[in-house]
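Some notes on the structure that comes next.
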Amino acid sequence: MVGVIGLQEAIDMAVEVGLDLVEVSPNADPPVCKILDYGKYKYEAQKKANEARKKQKVIEVKEIKMRPGIDDHDYEVKMKAVRRFLDDGDKVKMTIRFRGREMAHQDLGLKVLERVREEVDEIAKVEQHPRPEGRLMTMVIAPR
């Protein structure tokens with residue numbers, strides 16, 4: 001801590017020590033500067049940024065496809081996968097695919113999606129409510 005000094009005097013002090021004069025906070029009044037090795041400073045800042053990037057979790061959207069007339073055991077297998085995806089922190093896109101005459105009974109697909117919503121209600125929230133898209137009906141759930 002040197003205090004408030006002139007620019008040329010600060011540059012002379014930095015050259016005398018063999019380091020760089022780095023402006024830390026240019027918007028302050030007066031501007032704040034440090035005498036340090038700029039190459040080392042940039043290297044450490046880059047390492048810190050890389051470390052932060054490693055630790056962040058990328059949220060993926062996993063998709064589970066079903067049919068409106070899905071059997072109980074098949075449904076349970078799919079639900080086990082949904083719970084695993086939600087526990088891993090991923091979003092899950094539930095898709096009901098209608099074929100042929102099933103298009104006339106979209107209420108059956110809606111019932112399947114409502115059943116899914118009720119089962120995962122304590123560990124997930126509905127991000128996108130069920131809506132038909134052509135021959136598909138989709139719903140997106142995200143972990144709480």
Report, one line per pair, each donor and acceptor closer than 3.5 Å where one atom sits in a side chain of residues 8-36; sequence neighbours left out.
residue	atom	partner	partner atom	Å
Gln8	NE2	Asp12	OD1	3.2
Asp20	OD2	Tyr38	N	3.0

Inset, instruction - Give every residue pair that meets the salt bridge (charged side-chain N to carboxylate O under 4.0 Å, His left out) criterion with at least one member in residues 121-143, sequence neighbours excluded. - result: Lys91-Glu127, Asp121-Arg144, Arg131-Glu133
Legend entry - Where at least one partner belongs to residues 40-54, residue pairs that pass salt bridge (charged side-chain N to carboxylate O under 4.0 Å, His left out), sequence neighbours excluded: none
Inset, instruction - Given side-chain contact (heavy atoms from CB on, under 4.5 Å), test Arg84 with Asp88 step by step and report yes or no. - result: CA-CA 6 Å; Arg84 188 178 69 239; Asp88 290 344; 4.2 Å; yes
Legend entry - Heavy-atom pair of closest approach, residues Gly109 and Pro68: N-CB, 4.0 Å
Legend entry - Hydrophobic cluster (4.5 angstrom, side-chain heavy atoms) - remaining members for Ile59: none
Legend entry - Gln128: side-chain hydrogen bond (donor to acceptor under 3.5 Å, both in side chains) partners, not counting sequence neighbours: none
Inset, instruction - Run through the side-chain heavy atoms of Ile, Leu, Val, Met, Phe, Trp and Tyr, join any pair under 4.5 Å, and report what else lands in Ile70's cluster. - result: Ile64, Met66, Tyr75, Met79, Val82, Phe85, Leu86, Val92, Met94, Ile96, Phe98, Met103, Leu110, Val112, Leu113, Val116, Val120, Ile123, Val126, Met137, Met139, Ile141
Inset, instruction - Could you list all the salt bridge (charged side-chain N to carboxylate O under 4.0 Å, His left out) pairs where at least one residue sits in residues 94-114, not counting sequence neighbours? - result: Arg67-Glu102, Glu114-Arg117
Legend entry - Under 3.5 Å donor-acceptor, Lys78 side chain and Lys65 backbone: yes
